[in-house]
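The structure under discussion appears below in the form of structure tokens.
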There are 2 protein chains.
Amino acid sequence: MAETGRPDLAAMIVPLGRALMAVEQPVLDAHGLTMWGYVVLLRLEESVRTQSALAQDIGADKTRIIGTLDDLQDRGLIERRPDPDDRRVRLLSLTAEGRRVRDSAQGAIQARENRLLDRLSPADREGFLNALQFLAALPKEELADSPGGSE
Amino acid sequence: MAETGRPDLAAMIVPLGRALMAVEQPVLDAHGLTMWGYVVLLRLEESVRTQSALAQDIGADKTRIIGTLDDLQDRGLIERRPDPDDRRVRLLSLTAEGRRVRDSAQGAIQARENRLLDRLSPADREGFLNALQFLAALPKEELADSPGGSE
DNA sequence: TATTGTTATACTCTATAACTATA
DNA sequence: TATAGTTATAGAGTATAACAATA
């Protein structure tokens with residue numbers, strides 16, 4: 001196979017991602033959240049032991065998220081307390097208020113997304129979500145070199 | 001409907017886009033192209049009348065692409081000549097060499113992408129590509145406020 | 001006076017290096 | 001000496017404002 005006639009995947013996915021972020025920005029604004037703040041709240045569903053681990057998980061530099069954590073903590077959305085067993089480490093977790101804000105923001109965002117998904121046929125919607133979840137969960141190395149097939 | 005249990009679309013799409021770009025970077029490097037250079041070559045399949053129009057089409061600032069155009073022109077991949085009818089305007093088009101480089105890069109990129117798509121079931125692959133092409137072609141305003149449905 | 005393309009400047013985001021406090 | 005977190009600094013990428021040429 002050679003002639004598919006489709007645009008490059010990245011050429012569709014990257015601008016779509018940017019557009020989605022722009023569309024969802026007002027929801028975040030209404031909740032007083034930055035994008036990184038929201039991503040942190042999502043990730044802290046399970047509490048995390050070090051800031052470095054959190055940063056790595058969400059694809060940020062460890063220095064990048066410090067201001068974000070400061071802000072979330074000041075507003076009582078997360079807890080950040082020294083680990084008694086190793087006082088260099090900060091134990092990170094959601095507060096009840098943090099969970100409430102996260103649920104509210106995520107609810108609004110997914111509702112908006114669902115309206116968009118409703119414009120797809122049921123078959124396309126299911127395939128899209130299946131594929132997306134599969135590809136998003138794929139480790140980078142496997143994205144890079146999938147075993148040769150249709151080329 | 002409320003409980004879908006899926007991650008946010010943007011939370012899957014944005015990192016996937018970044019990862020795809022990283023995966024494809026070596027192909028661009030091998031062709032001596034930057035990401036913006038490649039995007040410009042793709043867009044110039046049909047020639048474009050002004051640099052502003054080109055910039056807008058590919059989602060860049062008009063000042064952003066000047067260095068890119070300088071480089072592509074220096075290397076003989078594009079032609080940029082003043083419009084005789086309005087000497088403020090630069091007429092932009094691919095050279096034969098530009099088309100060759102673009103085809104080579106795009107061939108390598110899509111081959112790589114096809115290997116990735118081969119890991120999906122045929123149904124998911126088709127749904128994914130259909131949905132992606134639909135969503136990527138959607139004007140921003142429609143992305144923003146799809147008519148209410150499943151919320 | 002308005003517009004195309006360009007250059008110069010400023011701003012945002014991110015990463016790198018240097019510091020502190022613990023271990 | 002090594003590591004978690006922090007701060008200060010520098011770099012990339014982008015947009016904004018000012019400019020020259022043309023209409």
Side-chain angles (χ1 to χ4, degrees), chain A residues 10-11 14-15 17-22 24-25 28-29 33-40 43-44 47-74 78-93 140, chain B residues 10-11 14-15 17-22 24-25 28-29 32-40 43-44 47-74 77-93 140:
Chain A
V14 172
R18 272 200 252 275
L20 278 177
M21 270 180 39
E24 294 171 359
Q25 189 63 52
L28 297 181
D29 291 345
L33 293 172
T34 63
M35 192 244 314
W36 283 116
Y38 179 60
V39 170
V40 165
R43 178 61 189 82
L44 287 184
S47 52
V48 170
R49 191 164 170 277
T50 74
Q51 296 183 184
S52 294
L54 170 62
Q56 186 163 12
D57 282 359
I58 64 178
D61 192 90
K62 68 173 180 174
T63 66
R64 175 68 196 73
I65 60 170
I66 290 178
T68 301
L69 296 177
D70 289 344
D71 174 62
L72 293 174
Q73 183 180 30
D74 287 348
I78 67 170
E79 231 182 5
R80 175 163 60 160
R81 52 177 224 279
D83 181 345
D85 293 351
D86 181 345
R87 305 232 316 282
R88 292 174 301 182
V89 167
R90 305 276 176 274
L91 302 173
L92 304 168
S93 55
K140 267 196 171 181
Chain B
V14 172
R18 273 200 253 274
L20 278 177
M21 268 180 38
E24 294 171 359
Q25 189 63 53
L28 296 180
D29 291 345
L33 293 173
T34 63
M35 192 244 313
W36 284 116
Y38 179 59
V39 170
V40 165
R43 178 60 189 82
L44 287 184
S47 52
V48 170
R49 191 164 170 277
T50 74
Q51 294 181 187
S52 295
L54 170 62
Q56 185 163 12
D57 281 359
I58 65 179
D61 192 90
K62 69 173 180 174
T63 65
R64 175 66 196 76
I65 60 170
I66 290 179
T68 301
L69 295 177
D70 289 345
D71 174 62
L72 293 174
Q73 182 180 31
D74 287 349
L77 304 183
I78 67 170
E79 229 181 5
R80 175 162 61 159
R81 53 176 224 280
D83 181 346
D85 293 350
D86 180 346
R87 305 230 319 278
R88 292 173 302 182
V89 167
R90 304 278 175 273
L91 302 172
L92 304 167
S93 55
K140 268 197 173 181

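Every value quoted in this text rests on a predicted model; they were computed, and no experiment measured them. A, B, ... follow the sequence lines: proteins, then strands. Residue 1 opens every chain. Excluded from the calculations below are hydrogen atoms, water molecules and symmetry mates; all remaining heavy atoms, backbone and side chain alike, are included.
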Whole-Å distance, B:Gln73 CD to C:dG5 C1', equals 13 Å
Check if the side chain of B:Arg88 and the base of C:dT3 share a donor-acceptor pair of N or O atoms closer than 3.5 Å.
yes
Between NZ of B:Lys62 and C1' of C:dG5 the distance, given in whole Å, is 7 Å
DNA chain D nearest-nucleotide lookup for A:Arg18 and A:Leu69: closer to the 5′ end is A:Leu69
task = Select base, sugar-phosphate, or nothing to describe what A:Asp86 touches, counting heavy atoms under 4.0 Å on all strands.
result = sugar-phosphate
Rounded to whole Å, the CZ-P distance (B:Arg49 to D:dA23) equals 11 Å
For a quick test of your reading: what N or O donor-acceptor pairs under 3.5 Å do the side chains of residues 83-93 of chain A make, sequence neighbours left out?
from: A:Asp83; atom 1: OD1; to: A:Asp85; atom 2: N; distance (Å): 2.8
from: A:Asp83; atom 1: OD2; to: A:Arg49; atom 2: NE; distance (Å): 3.2
from: A:Asp83; atom 1: OD2; to: A:Arg49; atom 2: NH2; distance (Å): 2.9
from: A:Asp86; atom 1: OD1; to: A:Arg88; atom 2: N; distance (Å): 3.1
from: A:Asp86; atom 1: OD1; to: A:Arg88; atom 2: NE; distance (Å): 3.1
from: A:Asp86; atom 1: OD2; to: A:Arg88; atom 2: NH2; distance (Å): 3.0
from: A:Arg90; atom 1: NH1; to: A:Arg87; atom 2: O; distance (Å): 3.4

note: A:Asp61, atom CG; C:dC13, atom C1'; distance rounded to Å ~ 12 Å
note: B:Ile65, atom CD1; D:dG13, atom P; distance rounded to Å ~ 16 Å
Comparing B:Arg90 with A:Asp83, nearest DNA chain C nucleotide closer to 5' gives the residue B:Arg90
- Does A:Trp36 make a side-chain N or O approach to OP1 or OP2 of C:dC13 shorter than 4.0 Å? no
note: A:Leu92, atom CG; D:dG5, atom C1'; distance rounded to Å ~ 11 Å
The nucleotide from D:dA4, C:dG5, D:dT7 with an atom nearest the side chain of A:Ser52 is D:dA4
One should read off an interatomic distance between A:Asp71 CG and A:Ile65 CD1, to the nearest 0.5 angstrom, of 13.0 Å
Between B:Gly59 and B:Trp36 the two heavy atoms that sit nearest each other are O-CH2, 3.9 Å
**Prompt:** Do B:Thr63 side-chain and D:dT16 base share a donor-acceptor contact under 3.5 Å?
**Reply:** yes
Rounding to 0.5 Å, atoms CZ (B:Arg80) and CG (B:Leu54) come to a distance of 10.5 Å
Taken to the nearest 0.5 Å, the spacing of A:Arg43 CZ from A:Asp57 CG works out to 4.0 Å
B:Leu91 atom CG is separated from D:dT22 atom P, nearest whole Å, by 15 Å
Separation of C:dT3 atom C1' from B:Arg87 atom CZ, nearest Å, is 15 Å
N/O (side chain, B:Arg80) to phosphate O (OP1/OP2, C:dT6) under 4.0 Å
yes
